[in-house]
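Remember, predicted model here, so these are calculated numbers, not experimental data.
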Amino acid sequence: QLEPDEPQDNPFSIMSSQQETDLLSYFDTTLSKTWAGPEHWKLRRARRDIEKPEPSSTQDNTSVAETESPGGPGDAPEHTNKKKLQVDTAIDFLNGEEVREEDIFGKNKRTNITLTQQQMTRDPATLLLPDDQHFSSKQLLRYFLKPKITLLRPKKFLRSRQSDLDDL
Amino acid sequence: MVNRQSFQSKKQQTLASLSTSIPNLFNDAQQKNAVLTKQAVALRKIQETCCLNHPFVIGQPLDLDEQGEAAFNQEFLRNVNKILLRRRREAHADNIVRFIATFLNYTQKQDDPASDRNKKNQAPPDDGHTDDQPSQDPSSTNEDQDDINHERQPSPAEPIPSQDDDPMDEDMPETMSSRFVRVLMTYILKGHTAKSQTVRLRCCQIIALSVSCLGELDEDLYQQLKMVLFERVRDKEPSVRIQAANALSKLEISDEEPDPFDQMNISQKLIHLLRTDSSAEVRRVVILNLELNPTTLPHLIERARDTDALNRRLVFSHALHEHLDDFRTIPVPDLYRLIKWGLNDRDPSVREAATRMITGPWINQAGNNLLEFLERMDVMDMVNMETSEKMLTTLLEKRKDSLSLKFEDEFWQNLTPESVFLARFYIKVLIENEMDDKLEVVLPELTRLAFYIQHYNQLWQQASHDSEAHYEFIVGQLFEIGKNLDYADEVGRRKMYETLKTLALIPDIPEEYLEHIADLLSLVAMDEPDYTRMIVDIIGDIQDAVEPDDTDFDGRNKRLRFDDDVVIKVEEGDEPDAAALSIMYGRLKCLTLCKFMLQRCELSLNNNTSIYGILNDMVIPAVQNSEALLREEGLHCLGLACHLDKSVGIHNVPMFIKCVQSGHDELKNKALMTLFDLISKYGYHAIAEKSPDVRSVFEYCLDHDNEKLQATTTEGLAKVMLSRQLKDDEMLKLLTVLYFFPTTMENGSVQQCLTYFFPAYCHSNAENQQSMARIAVSAIQELVDTYLDLQEDEKMIDPKRISEMMADWTDPRQLVVPEQQETNKGVQGPMALEVVQVLVTCNKNDDGK
DNA sequence: ACGCTCGAGCTACACATC
DNA sequence: GATGTGTAGCTCGAGCGT
């Protein structure tokens with residue numbers, strides 16, 4: 001969690017926490033699917049997945065689990081039934097009902113079943129991704145003028161040979 | 001005749017039981033594991049019995065029972081009818097479609113004496129989808145075939161026509177199957193204008209799977225078929241287009257006759273679909289079926305950037321995988337674009353497919369020889385360096401275990417661009433994977449490497465124009481290898497220093513080599529002050545070489561080489577002053593080296609006093625120089641110096657602001673970068689306290705028409721706001737409006753930066769999210785106004801989508817760290833209120849939300 | 001091979017338009 | 001009033017991971 005107000009003279013103590021790195025790498029992964037920008041943005045299905053576990057976890061594990069369990073055992077056979085019913089798309093060629101040809105070849109005079117020439121000529125660029133600049137937290141964590149140095153841990157770029165010797 | 005009579009009675013029986021025998025075959029054929037050939041064989045037998053007056057004999061003139069034929073056809077079509085209304089992807093119906101194709105293939109082959117001899121009854125083609133299972137087991141198909149041939153032995157009583165007496169007429173002879181094909185196709189084609197999309201879909205599907213099973217078609221039927229497909233490929237329903245495209249791709253590509261409707265031939269239509277069809281699956285069908293040739297190749301390559309990840313993947317795993325005989329048929333720029341896209345794709349499965357394509361068939365094409373492969377890839381071309389590097393790294397990652405190389409003196413003495421390039425990345429991969437034992441036999445000693453650099457440098461300096469680039473490249477790669485060595489050896493360090501110094505003094509050393517030198521010297525140096533002293537010395541030497549006596553300098557070939565777009569403008573009539581030019585280039589080179597040094601320095605100026613001299617003698621004068629390039633590079637150095645000392649930094653802020661306000665674009669950009677760096681380093685308030693102008697400077701740059709400047713400002717603000725140094729609703733609103741503004745649409749850097757920034761900003765922190773909520777409504781109002789009076793040629797995101805995105809940003813559930821419940825409702829609630837207020841005050845303009 | 005998940009596509013419904 | 005158009009929600013299946 002972020003500290004709301006850090007002393008202004010040392011602002012990057014905010015950024016230097018491990019959590020901050022975690023947060024940014026979290027966004028690096030979650031946002032890697034939406035990088036292409038508003039033209040390719042889609043409304044994600046409401047994050048029910050995150051809310052689903054909530055009722056079970058937020059509630060006590062004593063009463064709620066009991067009340068919901070009756071539905072559980074009933075579900076299992078239902079699933080198998082459903083599957084069997086769904087697979088039942090076989091066609092009975094021998095005794096099946098006749099299909100009337102006018103049902104098949106019936107035409108619709110008014111409805112246009114073909115696209116207009118204009119609908120056919122769309123800009124090919126809309127079906128292509130833009131040039132990916134691979135924007136990530138890396139860009140946000142480096143200096144413009146010293147791109148090799150991260151803002152997070154201003155470690156020494158030059159390792160002192162003297163200290164190497166000292167280490168031994 | 002007895003035979004004839006028995007045939008007739010068999011026919012009577014068969015005709016009588018048609019309404020059960022054929023449905024039974026269809027029933028069998030729809031099953032999941034049905035061997036369709038079996039049913040096809042049985043159906044063919046029925047067909048022969050019904051349609052002929054004699055037992056079938058290959059090559060015999062057709063003796064047709066038209067009534068029997070009609071009965072057969074009618075019954076067949078009656079069964080076909082039953083699948084035409086079955087929805088897309090219903091397995092049973094799909095099986096029947098395949099059955100139809102199998103039957104057509106089989107019955108047609110039976111009547112064709114040419115194909116009958118070698119009776120390699122090809123399986124009917126797949127439907128071009130990724131989901132198709134291999135419909136038939138090839139071995140069983142062949143077995144069935146053999147059985148048939150035994151059964152078809154003509155009875156001894158029949159006259160056996162000679163097999164070779166029947167050269168085909170120019171007009172194909174009519175056969176039982178050709179008549180059937182005509183009947184079926186004519187019937188199926190009727191469905192192409194049906195009201196039901198399912199019928200259209202099924203008809204096209206039948207055509208798609210059957211076209212290659214039809215044998216030779218009448219010209220008129222073929223034309224009719226083609227026209228129908230031309231129309232269906234423009235169907236309103238994507239699912240129909242998928243099948244139609246599939247069918248079209250199975251027609252002879254050699255047919256180049258254009259459609260009178262739009263003047264496009266088959267190939268052109270397919271390419272058009274590939275590029276413009278809104279359905280990813282339609283495009284996919286074309287990717288999978290389009291023949292690879294010089295015309296289609298660029299369009300297939302373009303699909304490596306398709307919005308659909310699966311399509312992108314198929315370009316690598318299918319279209320260009322096995323079908324491309326020689327990757328050198330791809331023009332080099334396209335080749336590198338393709339590899340770059342594939343290896344850098346956001347989707348791991350695409351990257352994987354691209355890697356497999358390169359490591360598999362492409363390397364094979366080069367005889368599994370990496371050096372040969374690199375040669376064919378033309379890796380020396382510096383334009384594509386990044387991609388070459390990535391590619392070789394990927395390659396070696398895959399092969400690191402099976403590859404054991406040994407680089408000894410002889411290897412290093414006889415380097416080629418390809419071999420040194422390979423060595424560099426082999427070393428890199430070994431280091432990254434900590435494969436120390438393999439490294440041991442590969443890494444040269446520091447002294448040796450210094451010697452090799454010297455050696456190839458000499459060759460470079462003496463080289464003819466032709467081989468110059470060759471040696472230059474080798475030296476560059478040796479620099480890179482040098483960064484991996486151990487610098488403990490004193491003698492090696494000294495040798496390296498001497499070598500690097502010599503190189504630094506070469507008048508026309510490329511800029512990136514100067515950077516390598518700066519890097520390597522940092523490894524040679526004992527510590528930072530030592531490093532600084534080394535560079536300052538070298539800078540002094542460079543200056544001495546250029547400035548004191550300018551007699552033998554010729555500005556043209558001794559100049560420092562920068563990127564191509566950097567061209568020093570020489571004022572009109574200044575040409576004779578080559579000496580002045582060369583002095584200027586010398587200064588520029590010193591500044592550049594200084595820049596590289598400062599980028600690698602950390603110590604404060606007080607602890608590293610040798611920098612002061614260089615700042616005062618060289619950098620400050622350069623900032624005031626009239627030559628733009630020198631000013632830029634000087635400013636850059638000054639900016640870097642500000643990194644090292646807070647008071648120097650703060651002191652110079654007004655100067656940087658001034659540069660942003662009145663410099664040329666490149667200078668503006670450098671100054672702007674420095675300002676953001678200083679804010680990052682010393683805090684926004686430390687800067688803004690003394691120079692409140694910064695904020696307005698940022699506003700000014702956000703609006704600037706220079707894209708690079710806009711991008712720098714955006715990225716800088718994103719940094720400063722994400723780190724929560726700057727909390728400024730108004731600035732956030734400016735960024736939001738900028739993000740969706742029509743003029744920013746083309747600026748990819750700004751777009752992609754903000755695409756990252758907004759969700760990260762809003763979802764990382766509840767306070768940020770509230771800030772967004774406060775400005776969202778007024779921002780969207782402004783954007784809707786903009787949207788309403790868009791010019792003809794301007795494009796903008798639909799306001800509805802804008803509001804969706806803003807709703808997403810301000811959704812409290814998306815917060816990474818969920819706030820305490822109090823704030824949860826409070827975010828979008830006020831927004832909704834505000835929306836209502838806006839709607840009430842002006843109920844003529846309403847947004848899409 | 002199995003099972004899960006996410007997303008494309010389908011249906012139904014409301015609204016607009018002729 | 002009927003028919004076309006656009007959208008919301010739901011379902012089912014392809015494709016991925018285990």
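Comparing the helix axis at one end of the helix from dA1(C)-dT18(D) to dC18(C)-dG1(D) with that at the other, each defined from 5 consecutive pairs, gives an inter-axis angle of 20° (nearest 10°).
A sub-4.0 Å separation between OP1 or OP2 of dC16(D) and a side-chain N or O of Arg313(B) is present.
The side chain of Arg89(B) lies closest to dA14(D), out of dA14(D), dA8(C), dG15(D). Of the candidate nucleotides dT5(D), dG15(D), dA8(C), dA8(C) has the atom lying nearest to any side-chain atom of Lys42(A).
Looking at residues two or more places apart in sequence or on another chain, you find a ring pair (Phe, Tyr, Trp, His ring centres under 6.0 Å) between Phe757(B) and Tyr761(B). Scored by the salt bridge (charged side-chain N to carboxylate O under 4.0 Å, His left out) test, Lys340(B) finds no partners at all (sequence neighbours excluded). Residues forming a ring pair (Phe, Tyr, Trp, His ring centres under 6.0 Å) with His318(B) (at least two apart in sequence, or on another chain): His323(B). Legend: residues meeting ring pair (Phe, Tyr, Trp, His ring centres under 6.0 Å) with Tyr756(B), ordered by chain and number and at least two apart, are Phe135(A). Looking at residues two or more places apart in sequence or on another chain, you find a ring pair (Phe, Tyr, Trp, His ring centres under 6.0 Å) between Phe105(A) and Tyr187(B). Shown here are the side chain to side chain donor-acceptor pair (under 3.5 Å) partners of Arg801(B), two or more places apart in sequence or in another chain: there are none. Every residue was checked against the side chain to side chain donor-acceptor pair (under 3.5 Å) condition with Thr359(B), not counting sequence neighbours, and none meets it.
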**OP:** Would you mind building the protein contact string for nucleotides 10-18 of chain C? One character per nucleotide, 5' to 3', B for base within reach (heavy atoms under 4.0 Å), S for sugar-phosphate only, - for untouched.
**Re:** SS-------
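Rounded to a whole Å, the CG atom of Asp347(B) is 12 Å from the C1' atom of dG15(D). For the pair Lys33(A) NZ and dC16(D) C1', the computed distance is 12 Å after rounding to whole Å. One atom, CD of Glu90(B), and another, C1' of dT11(D), lie 14 Å apart when rounded to the nearest Å. For His40(A) and dG7(C), the NE2 to P distance is 16 Å, given to the nearest whole Å. A straight line from CG of Asp308(B) to C1' of dG9(C) spans 14 Å, rounded to a whole angstrom.
The line from CD1 of Ile96(B) to CG of Leu84(B) is 11.5 Å long, rounded to the nearest 0.5 Å.
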